[in-house]
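The structure appears right after this line, and notes come after that.
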Amino acid sequence: MTWLIPLLNRARLNTSAVSLCNGTLGVILPKAAQRLYSTHSDNKAWFAHGKIMISNGSSKTPSAFHAFWLRDHCRCPECFHQITKQRLLDTVNVPSDIAPKEMTLSPDGNTVRINWTHGDHVSEYPLEWLREHSYDPPVRTQTALNRPKHLWGSELGHKLPTVCFEEVMKGEKGLGKWLELIDVYGIAFVDGVPASEEGTRTVTERIAFIRESHYGTLWSFTNDLEHGDTAYTDLALPAHTDTTYFTDPVGLQLFHVIEFEGTGGDSLYVDGFQVAQQLKETAPEHYDTLSRIPIPTHSAGDKSVLVTPSVSRGVPILNHDPLTGELRQIRFNNDDRSVLDGRYIETPEDIPRFYSALKEWTRLLRKKQNEFWIPLRPGRVAVVNNWRVLHGRGSYRAKRRVCGAYVGMDDFKSRLQTVTLCAKAKEIDL
């Protein structure tokens, strides 16, 4: 049985309404709005004060939606392509005063159906979908992209986030496990990878296509200074993130030591989110400084390369989500920092503030309990979230060749969602 209630004319909407309960018309409710009830759930939907309202489960506060917003987000085949997942509705053709003419709830109470005043168009909205996208009030829900992160330090070695190569290559389940480890820990290892450039390429492309840079596509280096970068030496490298000089730094970085004969060269990893949290708790003024002052960076070691971010004012070391305020990206490589001058600061006092904050940040990065050291050897691939985990290495005296690759952050997140989310969840934000 479908319950259908014509909305009262606009002149009466603000003073009276029709109530439906158990499939029968109820009494006129003064100073109320039309309400639709389901006998199969606690779901409710009604029209009040020019907005469509829906109940929010156990919450006492309902969600309110403008009629125009709802019409703009119709997902019927006429308005939204079911294969390409792109809009077909020309939003500017929707009248500004559009309103619902009829509203119904499905028999199970999980979907609201609206017949609009314009074009006699009919739209259906699952109440779960509406709650996911509530903006009045805003409701934040758990998704594959904001699942809780596991912060770590030197103790990571006690329970290394690891999968095997065969498991990753065999099917979506093993791949999904690897991707989730990367997302939660910011680092994961794959054991049993063929110790070759081709083996490294194969496991990288299991995530997504390789992001090419001025270092090439799949890069392989030793201490031969093939490129003008200290990575191509046998020097120790302090903890840093890569490509701070890109407008969009690489998302994932894979490392595979495919040759090693000698001593030294252990790999260093530091959870930047963990260190940032420590800085925020112990020295909030330094955290604010590193979140505020933009830092100029560059890559200029090769004759044909001069890379700087297209953001003319530079980008801070600590970057936050503009909606949630949560830390989302760390960009730190002291070796690649350019001249910090009057173009990047608000007041001359920002210079000593920056150096004080930089010293404390670096001190925390180098605390033993924050450093995780591991000797990488042929067959084990390490992958890090370059927006979160800093990497480095010890100096070495060895024949050591490292093969690796970059993957874009958007490409990683795309793969994470398509592999780990069900079909229904994939479309929730489209």
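- Contact check for Val381 versus Phe255: no side-chain heavy atoms found under the 4.5 Å cut-off.
- By the neighbour-count criterion of 12 heavy atoms within 6.0 Å, atom OH of Tyr135 is densely surrounded, having more than that number from other residues, nucleotides or ligands.
- Under the 4.5 Å side-chain criterion, counting only non-hydrogen atoms from C-beta, Leu181 is not in contact with Phe189.
- Contact detail for Pro294 and Leu340: the closest heavy-atom pair is O-CD1, 3.7 Å.
- Listed by chain and number, the residues in a side-chain contact (heavy atoms from CB on, under 4.5 Å) with Thr111 are Ser106, Glu124 (sequence neighbours excluded).
- Between Thr217 and Ile210 there is a side-chain heavy-atom pair separated by less than 4.5 Å.
- In this structure, Arg201 pairs ionically with Glu205, as a charged nitrogen and a carboxylate oxygen lie closer than 4.0 Å.
- Going from atom CG of Asp191 over to atom SG of Cys164 covers 8.0 Å, rounded to the nearest 0.5 Å.
- Contact detail for Val203 and Thr200: the closest heavy-atom pair is CG1-O, 3.3 Å.
- For Trp219 and Tyr215, the distance between ring centers is not under 6.0 angstrom.
- To the nearest 0.5 Å, atoms CG (Leu318) and CD1 (Ile330) are separated by 6.0 Å.
- Residues Pro296 and Val339 share a closest heavy-atom pair of CG-O, 3.3 Å.
- To the nearest 0.5 Å, atoms CD (Glu198) and SG (Cys403) are separated by 9.5 Å.
- The aromatic rings of Trp129 and Trp69 sit tilted, their planes meeting at an angle between 30° and 60°.
- Residues satisfying the side-chain contact (heavy atoms from CB on, under 4.5 Å) criterion with Asn333, sequence neighbours excluded, are His240, Thr244, Asp335, Asp336.
- Looking at heavy atoms from C-beta onward, Leu252 lies in side-chain contact with Ile182 at the 4.5 angstrom threshold.
- Remark: the Gln278 side chain and the Asn370 side chain contain an N/O donor-acceptor pair separated by less than 3.5 Å.
- Using a 3.5 Å distance cut-off with no hydrogens or angles, the side chains of Glu180 and Trp178 do not pair a donor with an acceptor.
- We find the CD-OG1 distance between Glu102 and Thr104 to be 8.0 Å, quoted to the nearest 0.5 Å.
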For the pair Asp288 and Arg353, evaluate salt bridge (charged side-chain N to carboxylate O under 4.0 Å, His left out) and give the outcome as yes or no after the intermediate values. CA-CA 10 Å; Asp288 177 70; Arg353 288 193 189 103; over 6 Å; no

Verdict with reasoning, Glu128 to Arg131, per salt bridge (charged side-chain N to carboxylate O under 4.0 Å, His left out): CA-CA 5 Å; Glu128 179 185 4; Arg131 292 181 183 117; over 6 Å; no

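- Of the possible polar contacts, one joining the Thr418 side chain to the Arg415 backbone as a donor-acceptor pair under 3.5 Å is found.
- With 3.5 Å as the limit, one finds no donor-acceptor pair spanning the side chains of His298 and Thr308.
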Report the C-alpha separation of Phe47 and Lys51 in whole Å, then their side-chain angles, then the decisive distance to 0.1 Å, and conclude whether the side-chain contact (heavy atoms from CB on, under 4.5 Å) test is met. CA-CA 6 Å; Phe47 187 88; Lys51 294 181 180 180; over 6 Å; no

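- Comment: Glu167 does not engage Lys170 in a salt bridge, judged by the lack of any side-chain N to carboxylate O separation of less than 4.0 angstrom.
- Side-chain atoms of Ser299 and His214, non-hydrogen and from C-beta on, do get closer than 4.5 Å to each other.
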What verdict does the side-chain contact (heavy atoms from CB on, under 4.5 Å) test give for Ile374 and Tyr269, after you've listed the backbone C-alpha separation in whole Å, the side-chain angles of each residue and the deciding distance to 0.1 Å? CA-CA 8 Å; Ile374 184 172; Tyr269 301 104; 3.8 Å; yes

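- With hydrogens and angles ignored, the 3.5 Å screen pairs a side-chain donor or acceptor of Thr162 with a backbone N or O of Leu160.
- Side chain of Lys159 to backbone of Leu156: no donor-acceptor contact under 3.5 angstrom is found.
- Annotation: Trp361 is not in aromatic contact with Tyr287 [ring centroid separation under 6.0 Å not met].
- Side-chain contact check for Leu130 versus Val112: some heavy-atom pair is nearer than 4.5 Å.
- Leu151 pairs by the side-chain contact (heavy atoms from CB on, under 4.5 Å) definition with Asp271, Phe273, Gln274, Gln277, Arg388, not counting sequence neighbours.
- Residue pairs satisfying the ring-ring contact (aromatic ring centres under 6.0 Å, His included) criterion with at least one member in residues 95-125, sequence neighbours excluded, are absent.
- Heavy-atom minimum distance, Asn386 versus Pro249: ND2-CB, 4.3 Å.
- In this structure, a donor-acceptor pair under 3.5 Å is absent between the side chains of Thr347 and Glu349.
- The number of heavy atoms from other shown groups lying within 6.0 Å of CD (Gln369) is above 12.
- Of the N and O atoms on the side chains of Asp72 and Thr91, at least one donor lies less than 3.5 Å from an acceptor on the other residue.
- Between the CD1 atom of Ile98 and the CZ atom of Arg71 there is a distance of 5.5 Å, given to the nearest 0.5 Å.
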Under the ring-ring contact (aromatic ring centres under 6.0 Å, His included) criterion, do His150 and Tyr185 qualify, and how do the steps go? CA-CA 5 Å; His150 181 96; Tyr185 288 87; 4.8 Å; yes

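- For the pair Arg75 and Phe80, the cation-pi criterion (under 6.0 Å, within 45° of the ring axis) is fulfilled.
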Can you check side-chain contact (heavy atoms from CB on, under 4.5 Å) on Tyr406 and Thr204, steps first, answer last? CA-CA 8 Å; Tyr406 293 143; Thr204 303; over 6 Å; no

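- The two residues His286 and Leu279 make their nearest non-hydrogen contact at CB-CD1, 3.9 Å.
- Taking the side chain to side chain donor-acceptor pair (under 3.5 Å) definition, one finds that Ser134 meets it with Ser63, sequence neighbours left out.
- Using a cutoff of 4.0 Å between basic side-chain nitrogens and carboxylate oxygens, Arg292 and Glu346 are scored as salt-bridged.
- The closest side-chain heavy-atom distance from Leu105 to Leu127 is below 4.5 Å.
- Taking a cutoff of 4.0 Å between a charged side-chain nitrogen and a carboxylate oxygen, Asp183 and Lys149 qualify as a salt bridge.
- Residues His256 and Pro194 share a closest heavy-atom pair of CE1-O, 3.2 Å.
- In this structure, His320 places its NE2 atom where more than 12 heavy-atom neighbours from other residues, nucleotides or ligands lie under 6.0 Å away.
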Before giving the answer on side-chain contact (heavy atoms from CB on, under 4.5 Å), spell out for Val94 and Leu89 the whole-Å C-alpha distance, their side-chain angles and the decisive distance to 0.1 Å. CA-CA 9 Å; Val94 178; Leu89 173 69; 4.1 Å; yes

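- By the side chain to side chain donor-acceptor pair (under 3.5 Å) test, Ser310 is found to be paired with Thr247, residues two or more places apart in sequence or in another chain being considered.
- With respect to the salt-bridge test (charged N to carboxylate O, under 4.0 angstrom), the residues Glu172 and Arg206 qualify.
- With rounding to the nearest 0.5 angstrom, the CD atom of Gln253 is 7.5 Å from the OG1 atom of Thr243.
- In this structure, the side chains of Ile317 and Arg331 stay at 4.5 Å or more apart for every pair of heavy atoms.
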